[in-house]
Amino acid sequence: MSIPAAARKRRDELVDLVNEARANYYQHDKPTISDADYDKYFQELVELETKHPELVAGDSPTQSVGGEASDEFGEFEHPTRMWSLDNVFDYEELDAWFARVGNHNFLCELKIDGLAINAVYRNGVLETLATRGSGAVGENVTASLEYLTCIPKQLTASKGTKFPELLEVRGEVYFSLAEFDQINLEVTATGRTAFANPRNAAAGTLRQRIDNRVAAVAEATKRAEGKTADSKQVASLTKHSDELQRATSALSRLGLIVHGIGTHEGFEIPTQSHAYELLKSWGLPTSDRVKVLKSVAEVKKYVEHHGEHRHDIEHDIDGVVIKVDSLAEQDELGFTARAPRWAIAYKYPPTVVRTRLLDIGVQVGRTGRITPRAAVEPVLVAGSTVSFATLHNGYEVVRKGLLLGDMVFLRKAGDVIPEILGPVVELRDGSEREFQMPTKCPECGSKLAPEKEDDKDLRCLNTRSCPAQLRGRLEHLGSRSILDIEGLGEKAARALLEDKIISDEGDLFSLTAEILQQSDFFVKGANRELAENAKLLLAQLEIAKTKPLWRFICALSMRHIGPPTAQALTREFTSLERIAAAPAEKLAQIEGIGQTIAESITQWFAEDWHAEIIEKWKRAGCVLEQELVESGPQPLAGLTIVVTGTMVDFTRDGASEEITSRGGKASGSVSKNTDFVVVGPGAGSKETKAIELGRPILDEAGFKILLSDGPAAALAHLGLA
DNA sequence: CACCCTCGAGTTCA
DNA sequence: CTCGAGGGTG
């Protein structure tokens with residue numbers, strides 16, 4: 001039977017999608033799609049392969065060896081929630097925490113960079129092992145228990161021991177650095193990409209469906225031992241056995257340190273340290289680096305000691321955890337929406353590495369701004385390899401004292417964005433050369449100049465026809481946050497311009513199939529049929545034509561005008577025509593718009609080719625007016641709310657819309673004017689700032705209460721009434 | 001005029 | 001995340 005070409009194609013797409021998602025998650029430490037999407041694609045692939053077994057091939061993730069994401073996990077609801085910890089990054093913040101909690105005995109321990117787990121024992125017998133997951137619900141990985149040597153299946157009893165009926169033990173599963181290197185050697189030897197860091201390796205190893213692997217071996221055994229078995233089936237058995245063996249071997253090399261208890265029925269303990277002693281006496285692995293310290297000074301000494309020796313430890317750590325030792329005192333301090341008040345994580349500063357500054361190139365942005373960008377000798381920092389880092393502007397280069405060829409210090413700001421800190425002056429040998437900002441635009445050759453006297457930014461003033469600016473504007477207008485036109489990304493923008501299909505953004509909405517057919521990028525096959533990407537683009541352009549006016553205003557790339565300002569303009573004037581006709585004095589009356597921006601707007605409209613863009617868009621059917629929407633109740637009127645980190649049920653833009661539609665203001669930065677800070681997992685400095693300024697912090701559940709029941713209910717949810 | 005806040009723009013890794 | 005720059009306040 002032949003396989004339909006469409007099935008083959010879809011199968012290839014799915015394999016790529018899933019494999020890419022896995023690589024991003026495990027090898028690069030940056031998830032790109034949601035777990036739900038991942039499961040959806042994986043499931044579709046499984047079904048497709050079940051229907052057409054001939055399609056199953058070695059590159060399919062359904063066949064791949066351990067250490068990667070699994071398909072469906074059994075969910076496990078933790079009897080007692082697994083909390084996160086609040087972080088501090090320096091002594092000032094740590095002192096603030098000490099001041100909040102008061103005098104106690106403090107239990108200090110290392111914060112292992114691994115995977116948090118919850119082990120549930122019933123009457124001393126291990127019943128369930130689950131990952132932390134969201135904290136409320138994790139993934140049930142009990143199936144792997146058999147192969148984990150790091151965790152006792154049965155607690156050891158000493159004389160007279162009576163085990164609690166239900167006991168939850170919390171701990172961290174990890175690979176030692178030595179095992180991590182070993183695992184990665186094995187991984188690369190079988191042709192797969194290495195894990196980015198020990199944490200991902202541990203997560204990948206534990207979160208695999210070992211039971212599926214066992215089943216696969218059983219199945220292959222049955223076939224290979226059948227009467228009609230051929231060499232292919234024997235080979236398949238060998239392959240599946242090898243995979244199972246590698247997976248179980250990796251599992252057996254995971255380590256565990258326990259660091260807490262959840263539910264504990266039937267016994268009482270006075271302190272955290274007593275709890276550890278008890279767990280240890282039952283045979284659970286505790287750390288011998290745990291210390292109970294009586295003063296702030298001693299705690300700081302502990303923090304410093306392990307900061308200096310963090311690389312001498314057999315596993316990765318990213319900080320120190322400090323807990324109030326007495327459980328009674330813990331109870332008194334209680335919890336915030338997401339973390340205990342009685343514990344804090346002191347995070348060590350992000351790693352700084354040294355690398356060579358090879359060159360400084362310049363980029364031309366959509367507004368013509370010239371941005372120098374450092375090319376460095378690729379270097380591994382905090383889990384990924386960095387090759388470039390922005391330098392913002394020419395003055396930055398001078399201020400940092402950088403010379404081409406310098407060894408430089410580099411770190412990841414917020415653990416994400418590479419940042420060059422400065423040169424290692426001692427290592428200069430005289431061959432280094434100064435960097436000069438260009439005087440001509442690298443893309444169109446126009447002269448570069450600051451827009452205003454004293455501006456630090458250099459700009460290419462050829463707004464109309466500089467290819468970099470045209471491309472940038474098209475890309476910007478197509479992006480998710482503006483008109484959200486799928487099929488109009490970097491490549492499409494480049495093709496539209498280079499193949500001279502459009503001369504600028506004005507022509508965009510009058511594109512037709514016939515016009516697109518003139519470009520190689522939008523056709524396929526010998527008879528130049530319209531390709532899928534072209535159909536997508538045309539359909540998306542049609543949809544975009546009726547998007548809200550403020551999005552069109554942003555799409556025009558007027559200087560200084562982003563979403564908030566565009567929305568303010570729309571509210572005041574309701575149509576693009578009225579904005580174009582408004583005198584500067586009138587525009588400047590709007591909050592957030594002063595003389596500078598007002599004049600910049602009127603000047604923009606005075607430009608002939610700008611007016612033409614608008615004419616063309618209108619002729620093509622773009623709706624450049626705001627129909628008055630009946631606004632619902634406005635429970636958030638007057639409130640400024642900041643959303644940070646990731647939400648389960650909202651995108652960032654979605655959350656902003658929920659806020660503005662209820663009369664609130666969605667802002668991007670936390671200040672003392674902020675009324676609420678909504679914090680999801682993965683939040684960074686904004687959360688720290690919120691704590692610093694004492695602003696109320698909501699989790700996603702609290703945010704939903706805020707949206708539905710208003711600020712008073714949200715505060716009540718926090719126990720602040 | 002000094003300061004704080006907000007917004008805009010560019011941004012790194014696959 | 002970070003810098004620059006505009007807006008607004010005291």
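Every chain is numbered from 1, with letters handed out A, B, ... down the list of sequences. If you're wondering where the values come from, they're calculated on a predicted model, not measured in any experiment.
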### Query
Taking the six-membered ring of Phe573(A) as reference, does the NZ or CZ atom of Arg578(A) fall below 6.0 Å from its centre and within a 45° cone about the axis?
no

#### Entry: Any Asn393(A) side-chain N or O less than 4.0 Å from OP1/OP2 of dC3(C)
no

### Task
Give one of base, sugar-phosphate or nothing for His392(A), where a contact means two heavy atoms less than 4.0 Å apart.
base

### Message
Rounding to an integer number of Å, can you tell me how far Arg559(A) CZ sits from dG6(C) P?
### Response
8 Å

### Message
Whole angstroms only, please: what is the CD1-P distance between Ile593(A) and dT6(B)?
### Response
17 Å

### Query
Looking at the side chain of Arg369(A), which of dG6(C), dG10(B), dT2(C) is the nearest nucleotide?
dG10(B)

#### Entry: Side chain of Pro418(A) (C-beta onward), nearest among dT12(B), dT11(B), dG8(B)
dT12(B)

### Query
With respect to the phosphate group of dT12(B), does any side-chain polar atom (N or O) of Lys412(A) fall under 4.0 Å of OP1 or OP2?
no

### Query
Of the nucleotides dG4(C), dC5(B), dC7(B), which has the atom closest to the Lys456(A) side chain?
dG4(C)

### Message
Tell me if the CD atom of Gln595(A) is crowded by more than 12 foreign heavy atoms within 6.0 Å.
### Response
no

### Message
Tell me the interatomic distance from Ile590(A), atom CD1, to dC7(B), atom C1', rounded to whole angstroms.
### Response
15 Å

### Message
Side chain of Ser667(A) only, heavy atoms from C-beta on: which candidate in dT6(B), dT12(B), dC3(C) is closest?
### Response
dT6(B)

### Task
Write down the distance between CD (Glu451(A)) and C1' (dG4(C)), rounded to a whole number of angstrom.
12 Å

### Task
Can you tell me the distance, in whole Å, between the CG atom of Leu556(A) and the P atom of dG8(B)?
14 Å

### Query
Taking atom P of dG6(C) as reference, at what distance in whole Å does atom NE2 of His560(A) sit?
6 Å

### Task
Would you indicate whether Arg480(A), at its atom CZ, is surrounded by more than 12 heavy atoms from other residues, nucleotides or ligands within a distance under 6.0 Å?
no

### Query
Out of dC13(B), dG8(C), dA5(C), which has the shortest distance to the side chain of Glu591(A)?
dG8(C)

### Task
Ignoring backbone atoms, establish whether Thr596(A) has a side-chain N or O less than 4.0 Å from OP1 or OP2 of dA5(C).
no

### Task
Please determine if a side-chain N or O atom of Thr367(A) lies less than 4.0 Å away from the OP1 or OP2 oxygen of dG10(B).
yes

### Of the listed nucleotides dA5(C), dT6(B), dG8(B), the one nearest the side chain of Asp457(A)
dA5(C)

### Query
Are Phe703(A) and Phe650(A) close enough that their ring centres sit under 6.0 Å apart?
yes

### Thr371(A) side chain, from C-beta outward: closest of dT6(B), dT11(B), dC13(B)
dT11(B)

### Message
How many whole angstroms separate atom NZ of Lys665(A) from atom P of dC7(B)?
### Response
5 Å

### Task
Determine: side-chain N/O of Ser669(A) to OP1/OP2 of dT6(B), distance under 4.0 Å, yes or no.
yes

### Query
When you measure from the side chain of Arg373(A), which nucleotide among dT12(B), dG6(C), dA14(B) comes out closest?
dT12(B)

### Summary
Taken to the nearest whole Å, CG/Leu458(A) to P/dA5(C) is 11 Å

### Query
Does the side chain of Lys452(A) get closer than 4.0 angstrom to OP1 or OP2 of dG4(C) through an N or O atom?
no

#### Entry: Candidate nucleotides dT6(B), dC1(C), dG8(B), ranked by approach to the side chain of Ile417(A) - the nearest
dC1(C)

#### Entry: Exam field: side chain Arg473(A) to backbone Thr463(A), donor-acceptor pair closer than 3.5 Å
yes

### Query
Would you say a side-chain N or O of Thr390(A) is under 4.0 Å from OP1 or OP2 of dC3(C)?
no

### Task
Answer yes or no: does atom NZ of Lys586(A) have more than 12 heavy-atom neighbours from other residues, nucleotides or ligands under 6.0 Å?
no

